[in-house]
There are 2 protein chains.
Amino acid sequence: MARDPDPSLELLWRHVAAPAETPTRRGPRQRLSVDAVVDAGIDLADRDGLAALSMRVLAKELGLGVMSLYTYVPSRGDLIVLMVDQVLARRTLPELPEDLADRLEMVARVQYDDCLAHPWILDVVGLRAWLGPASAERYEWQLGAVEGIGLDDIEMDQTIALLTGFAGNAAGSAHRARLAEREMGMSELEWWEANSGELGRVMAGRDYPIAGRVGQAAGEAYQAASDPARELEFGLARIIDGVLVHLGRQPRRPRA
Amino acid sequence: MARDPDPSLELLWRHVAAPAETPTRRGPRQRLSVDAVVDAGIDLADRDGLAALSMRVLAKELGLGVMSLYTYVPSRGDLIVLMVDQVLARRTLPELPEDLADRLEMVARVQYDDCLAHPWILDVVGLRAWLGPASAERYEWQLGAVEGIGLDDIEMDQTIALLTGFAGNAAGSAHRARLAEREMGMSELEWWEANSGELGRVMAGRDYPIAGRVGQAAGEAYQAASDPARELEFGLARIIDGVLVHLGRQPRRPRA
DNA sequence: TAGCGACGTCGTACGGCGTACGGAATAAAT
DNA sequence: ATTTATTCCGTACGCCGTACGACGTCGCTA
């Protein structure tokens, strides 16, 4: 019975249940802290993405031997879980507005901002990261935005999932657009130059009337680099209206 | 000027522009076909996930030497791109219904089904996979569902992105629930047994009133294993209503 | 105060990955 | 019959996460 508990649980909650722990430890003091390791991991992932976060480069970044990392963190996977909770913990959650639609909008915008600031979070969703203190607190905060408006418990959960899922998608889309723009100077443009002819040749005979027109419009709009943000506005407005209608309330309709 | 064209483009469109190619090739005939390799990759990824799709095991699966794979496919990344387009190509797209809401629903359900049948697709979105023939055809089909209803080009694109993005999220959620249930017999249940005490101890002092209640309700509902599907119904209804409202039409409201 | 034992540090090593390279076999073109 | 393009594939390189064990450093107990 009762096997060893998951070590990452204790690590996740290390800040809230810290006191009354074993007050003295024998060997040499740790040169760094778990937080320092996790923060360095976050910096690295922010800069170069999750794939570039290897134990070796992280150790070098910290001036540590590779295996020393494992005295702070049981594995790379656990480190990433800690990183997610740490990122969520950094944001002090704003107070929820009075108006319901404004509350829904705020939930989505907070999620969007966090996902855009740390796009690697999107590679990791659904990793039972909700067991950390910051995840729990945020989930509670999100549910507070839809509490007492006439939804049952399951609908509350699904509404939050709908909002945050959409915000994450929009952030991912914006992030990819940002990446593409950054590389546009060199490789992306060259790629088109080298392949547009081939693409036209290969698509000969086939035509995509609507996709061609829409793709061109979207391409022009996105090249202005300001429009992935409009994806957030558009989808968010539709979702909010849909929820309002579901509650029998008046949709927001006119915008600015 | 004009560097070598991307080889994966020719591979993606290999079926439509096949004739008039070099009619004879010198060396020994290939024992397999690109399609056989791609299909085997799809099977493998369906069974064990993208992470388990390594060139070595794929080669073993096909009775080939590892490096022989590279005569069919330039790299693992290109293989995955081909796999995505192949998966999309397998579905014959149904005819779109008359009613607008039904059309939107169908777009979402098709996306949901494909993503649930091949969950690894979700790890790959936004990989400029849309340059393949099946992706192009599907995009055209999706846009056809929102053509002529009063949206401008960019709104059309964003509506499709909203629908398919949500459907993908819902499919990922359902897939994770399915996985959890599959492992519930052994590891998941043991994990809770080993950690529930630790979790309670560590969360002492903190309480999450709404999250606790909702989490319990969701847990009970999801344990019935039939409810991740309701996430699709709920969010889809909200989005469709939101789009209808945006167009000045009457929302669907009552549902069966 | 001596020394035991726990703990932090880290070098080495193992099995896995994607794939660059080059050689042998094969079949069409000359 | 020779050349040439192509397939097949063994070997090898540089990555990856991490198991293991040696070694030094400290706190505790005797």
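Only heavy atoms go into these numbers, but all of them, side chains included; no hydrogens, no water, no symmetry mates. Order of the sequence lines fixes the chain letters, A, B, ..., with proteins taken first and strands second; residue numbering starts at 1 for each chain.
In this structure, CG of B/L58 is placed 13 Å from C1' of C/dG18, rounded to the nearest angstrom. Here the P atom of nucleotide D/dA19 and the CZ atom of A/R76 are 15 Å apart, to the nearest Å. Whole-Å rounding puts the A/L79 CG to D/dT18 P distance at 10 Å. The distance from atom OH of A/Y72 to atom C1' of D/dG17 is 19 Å, rounded to the nearest whole Å. Atom CG of B/L32 and atom C1' of D/dC9 are 15 Å apart (whole Å).
No side-chain donor-acceptor contact under 3.5 Å links B/W120 to the backbone of B/L53. Counting only distance, with no hydrogens or angles, the side chain of B/Y72 and the backbone of B/L32 share a donor-acceptor pair below 3.5 Å. With A/D78 contributing its side chain and A/V73 its backbone, the two residues share no donor-acceptor pair below 3.5 Å. The backbone N or O of A/S8 lies less than 3.5 Å from no partner atom in the side chain of A/W13, so there is not a single donor-acceptor pair. B/E140 places a side-chain N or O within donor-acceptor distance of the main-chain N or O of A/A211, the cut-off being under 3.5 Å.
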| Verdict with reasoning, B/D85 to B/R14, per salt bridge (Lys or Arg N to Asp or Glu O under 4.0 Å) | CA-CA 12 Å; B/D85 210 73; B/R14 65 195 181 280; over 6 Å; no

| task | Kindly determine whether B/V84 and B/H118 satisfy side chain to side chain contact (heavy atoms under 4.5 Å, CB included), including the steps that lead there. | result | CA-CA 9 Å; B/V84 171; B/H118 311 284; over 6 Å; no

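Residue contacts for A/R31: at a heavy-atom cut-off of 4.0 Å it reaches the sugar-phosphate backbone alone, with no base atom in range.
Near DNA chain C, meaning a heavy atom under 4.0 Å away, there are no residues from residues 34-42 of chain B. Scanning residues 62-70 of chain A for heavy-atom distances under 4.0 Å to DNA chain D yields A/V66, A/M67, A/Y70. Using a 4.0 Å cutoff on non-hydrogen atoms, the parts of residues 46-55 of chain A near DNA chain D are A/L53, A/S54, A/M55, ordered by number.
Judged by distance alone, the side chains of A/N169 and A/Y112 never bring a donor and an acceptor atom under 3.5 Å apart. No side-chain donor from either of B/T164 and B/Q111 sits under 3.5 Å from a side-chain acceptor of the other.
Taking CG of A/L50 as the reference point, atom CG of A/L122 lies at 10.0 Å (rounded to 0.5 Å). The distance from atom CG of B/D157 to atom CG of B/L162, rounded to the nearest 0.5 Å, is 11.0 Å.
Interface remark: the B/R56 side chain does form a donor-acceptor pair with the C/dG18 base, using a distance-only criterion of under 3.5 Å.
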Less than 3.5 Å apart, which donor and acceptor atoms pair up between the side chains of residues 56-70 of chain A and the rest of the protein, not counting sequence neighbours?
residue : atom : partner : partner atom : Å
A/E61   : OE2  : A/R47   : NH2          : 3.2

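Listed by chain and number, the residues in a salt bridge (charged side-chain N to carboxylate O under 4.0 Å, His left out) with B/D114 are B/R91, B/R138 (sequence neighbours excluded).
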Which atom pairs link the protein and nucleotides 22-29 of chain D when you take only N or O atoms and keep those under 3.5 Å?
residue : atom : partner : partner atom : Å
D/dC28  : OP1  : A/T24   : OG1          : 2.8

